[in-house]
Amino acid sequence: MNENHSDDQYGRARVQDSDELKAYYKELENLGAGALWTVANDIEPWEPRANSVPMLWKYDDLRELVLKSSELVTPEQAGRRVVYLVNDKRKDDVAAVGWLYTGIQVTRPGEFTSAHRHRASALRFIMEGEKGYTVVDGNKIMLEVNDFVITPNSTWHEHGVEEGGKNLYLARRTRYSFGECLGSQ
């Protein structure tokens, strides 16, 4: 293995631009294309580059603000009241790490979300609450503290808390779908 991490060696892109090449690049750009050697050293670095930084979110620090969201915004206004966790290096992507979206959702007794679906699968961990439920493809499942629920992608589902229950706090984790990573809707 070559330990020389210089881009100035065989196998690495080291093309010197000329006026003719610049005109060529412009022709490619007009067709929605480009020459790999112009970006190869950036997209194929010598060592992996982290696109996220280490972060620590503490439930105890966020809990009161998650609860406050249920006082400030109704389910009818927001659909789902979720405080999402964002990595300092992924703010433009609203991601906690890589392509993983994560948040803490609160639902109060008697409330529910409307049925919805999304391209990405969803993982949910029940942190607190009583008489919470999820409905997946018409099947109602009661939720208890420490339950772990996986909702397959594109599956119709909703969540709620029955009357007489206690606020349901669930941690949501959704991996962006490949199409969403590519910017398609």
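With sequence neighbours excluded, the residues that form a side chain to side chain contact (heavy atoms under 4.5 Å, CB included) with Asn51 are Arg90. Partners of Trp156 under the side chain to side chain contact (heavy atoms under 4.5 Å, CB included) rule, at least two apart in sequence or in another chain, are Ala115, Arg117, Asp137. Residues forming a salt bridge (charged side-chain N to carboxylate O under 4.0 Å, His left out) with Glu130 (at least two apart in sequence, or on another chain): Lys166. Partners of Arg63 under the salt bridge (charged side-chain N to carboxylate O under 4.0 Å, His left out) rule, at least two apart in sequence or in another chain, are Glu128. Partners of Lys58 under the salt bridge (charged side-chain N to carboxylate O under 4.0 Å, His left out) rule, at least two apart in sequence or in another chain, do not exist in this structure. Shown here are the salt bridge (charged side-chain N to carboxylate O under 4.0 Å, His left out) partners of Lys22, two or more places apart in sequence or in another chain: there are none. Partners of Val82 by side chain to side chain contact (heavy atoms under 4.5 Å, CB included), not counting sequence neighbours, listed by chain and number: Arg80, Tyr101, Gln105, Arg172.
The residue from Lys140, His159, His157, Glu158 that alone fulfils the side-chain hydrogen bond (donor to acceptor under 3.5 Å, both in side chains) condition with Thr134 is His159.
In the displayed structure, Tyr84 atom OH is contacted under 6.0 Å by at most 12 heavy atoms of other residues, nucleotides or ligands. The number of heavy atoms from other shown groups lying within 6.0 Å of CG (Asp19) does not exceed 12. Atom CD of Glu71 has more than 12 neighbouring heavy atoms from other residues, nucleotides or ligands inside a 6.0 Å radius.
Under a 4.5 Å side-chain heavy-atom criterion applied to ILVMFWY residues, the cluster that includes Met142 comprises Phe112, Tyr133, Val135 as well. Residue Tyr24 is found in a hydrophobic cluster whose other members, listed by chain and number, are Val15, Leu21, Tyr25, Leu28, Trp37; membership requires side-chain heavy atoms under 4.5 Å apart, directly or through intermediates. Clustering of Ile, Leu, Val, Met, Phe, Trp and Tyr side chains at separations under 4.5 Å leaves Ile141 isolated, with no partner residue. Members clustered with Val73: Leu72, by chain and number, using a 4.5 Å side-chain heavy-atom cutoff among hydrophobic residues.
Residue Thr113 holds its OG1 atom at 11.0 Å from CD of Glu76, rounded to the nearest 0.5 Å. To the nearest 0.5 Å, atoms CH2 (Trp57) and CG (Asn87) are separated by 5.5 Å. One distance of note links CE of Met55 with OG1 of Thr102; it measures 11.5 Å at 0.5 Å rounding. Between the CD1 atom of Ile104 and the CZ atom of Arg81 there is a distance of 14.5 Å, given to the nearest 0.5 Å.
Residues Val106 and Ser69 are in side-chain contact: their nearest non-hydrogen atoms beyond the backbone lie under 4.5 Å apart.
Under a hydrophobic clustering in which Ile, Leu, Val, Met, Phe, Trp and Tyr are joined whenever their side-chain heavy atoms come within less than 4.5 Å, directly or via other members, Phe125 and Tyr169 fall into the same cluster.
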Practice item. Walk me through it: do Ile126 and Leu168 pass the test side chain to side chain contact (heavy atoms under 4.5 Å, CB included)? Key: CA-CA 7 Å; Ile126 311 309; Leu168 178 69; 3.5 Å; yes
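Counted by atom type alone, Arg108 and Ser70 present one or more donor-acceptor pairs between their side chains at under 3.5 Å.
Nearest heavy-atom pair, Gly164 versus Pro109, reported as atom, atom and distance to 0.1 Å: N-CB, 4.4 Å.
Residue pairs meeting the side-chain hydrogen bond (donor to acceptor under 3.5 Å, both in side chains) criterion with at least one partner in residues 141-153, sequence neighbours excluded, are Arg124-Thr151.
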